[in-house]
Amino acid sequence: MSQQISLPAKLINGGIAGIVGVTCVFPIDLAKTRLQNQRLGQQVYKNMIDCLIKTVRSEGYFGMYRGAAVNLTLVTPEKAIKLAANDFFRHHLAKDMRGLSVFKEMLAGCGAGMCQVIITTPMEMLKIQLQDAGRLAAQQRKPGLITPTRLVATNTVLSRSYNVVPNSAPRAVSATQIARELLHTQGIQGLYKGLGATLLRDVPFSIVYFPLFANLNKMGKPSLDGVAPFYWSFLSGCVAGSTAAVAVNPCDVVKTRLQSLNKGANEDSYSGIIDCFRKIIKREGPSAFLKGASCRALVIAPLFGIVQVMYFIGVGEFIMSQSPLKLISD
């Protein structure tokens, strides 16, 4: 059967799901960023739990949500674009409306990943600066590692934010201040630093995630034209999301390093993706590309599980047309 997709409803689904998911998993995402930015011999945190405990002790409970405001603001259009774009491409690739081949599933995912980076890149750029501030402050407080933080692209806002003295908390700086300063000094390309690395992460992620989710979710459908129960969509989203997250984690490490404007003592700067890969391999070994992989899996699994529950029970369709929520299979 032919069924037209409702773009506004899909945007609402993606937006609400993104906000709920990010609120639940943001502290783990913060730990992921800080662990990925650590270098050998300069470790401040042993693992995710140690990172969260030290963050609460030094920055308070809300320190775990540094950068959450920009993420919550931009995750709505980001998730909306990602999911709606995938639906759009799937709709136009399904000629007979009887399902897609794996290749077409991957093609739709590729298109979705390319569309979302319009929002993802500046969102990640701003979020990383805020998330990593506590790690740099903690590193400077460690004995023998009090060399002032250096910046790849020096600007007054970031300098005021990250030049801290031992035993002091990092000064607060907002995403708006960072964005304004980057636009003033570097133009729009300042907010899109690491665009290539973001594409390198998000396009393969979507290529893996969407076909895997579609096939897992299909297993829970009572019939070919039925709808999987919400709990099955949740589990399918968790499994597909964590699998795709671990698969592209090396690209996420490179993206995080490239987008970190501020550098700690003796930390490398990178001229591009290839230079970053080369220096990480040479100085930290292949295992460095798995930094934060468990955190990323723990972030993505519930995030995309929640996303798919909101998406498939039809919250957006309910809001737009007052149609009943699909909590059980048809």
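Salt bridge annotation for Lys279-Asp268: absent, with no cationic side-chain nitrogen under 4.0 angstrom from a carboxylate oxygen. Note on Glu59 versus Lys54: no salt bridge recorded, every NZ/NE/NH1/NH2 to OD/OE distance being 4.0 Å or above.
From Ile28, atom CD1 reaches atom SG of Cys295 across 7.0 Å, with rounding to the nearest 0.5 Å. Put simply, OG1 on Thr256 and CD on Gln36 are 4.0 Å apart, with the number rounded to the nearest 0.5 Å.
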Evaluate the criterion side-chain hydrogen bond (donor to acceptor under 3.5 Å, both in side chains) for residue pair Gln189 and Lys193; output intermediate values, then yes/no. CA-CA 6 Å; Gln189 63 265 33; Lys193 181 180 176 64; over 6 Å; no

For Leu298 and Met48, what are the C-alpha separation, side-chain angles and deciding distance, and is it a side chain to side chain contact (heavy atoms under 4.5 Å, CB included)? CA-CA 10 Å; Leu298 288 173; Met48 179 187 71; 3.8 Å; yes

Full working for side-chain hydrogen bond (donor to acceptor under 3.5 Å, both in side chains) between Gln131 and Asp29: CA-CA 9 Å; Gln131 284 184 328; Asp29 186 63; 3.0 Å; yes

Any chance you could lay out the ring-ring contact (aromatic ring centres under 6.0 Å, His included) test for Phe304 and Phe213, step after step, and finish with the verdict? CA-CA 10 Å; Phe304 276 85; Phe213 170 78; 9.2 Å; no

I'd like to know whether Ser233 forms a side-chain hydrogen bond (donor to acceptor under 3.5 Å, both in side chains) with Asn217, so could you lay out the CA-CA distance, the side-chain angles of the two residues, the decisive distance to 0.1 Å, and finally the verdict. CA-CA 6 Å; Ser233 292; Asn217 198 57; 3.0 Å; yes

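Under 3.5 Å, the side chains of Thr55 and Arg34 contain a donor-acceptor pair of N or O atoms.
Taking 4.5 Å as the limit, some side-chain heavy atom of Val253 sits within range of a side-chain heavy atom of Ile280.
Residue pairs meeting the ring-ring contact (aromatic ring centres under 6.0 Å, His included) criterion with at least one partner in residues 174-202, sequence neighbours excluded, are absent.
Remark: Arg180 engages no residue in a salt bridge (charged side-chain N to carboxylate O under 4.0 Å, His left out) (not counting sequence neighbours).
Classified by interplanar angle (parallel below 30°, tilted 30° to 60°, perpendicular above 60°), the ring pair Tyr65/Tyr61 is tilted.
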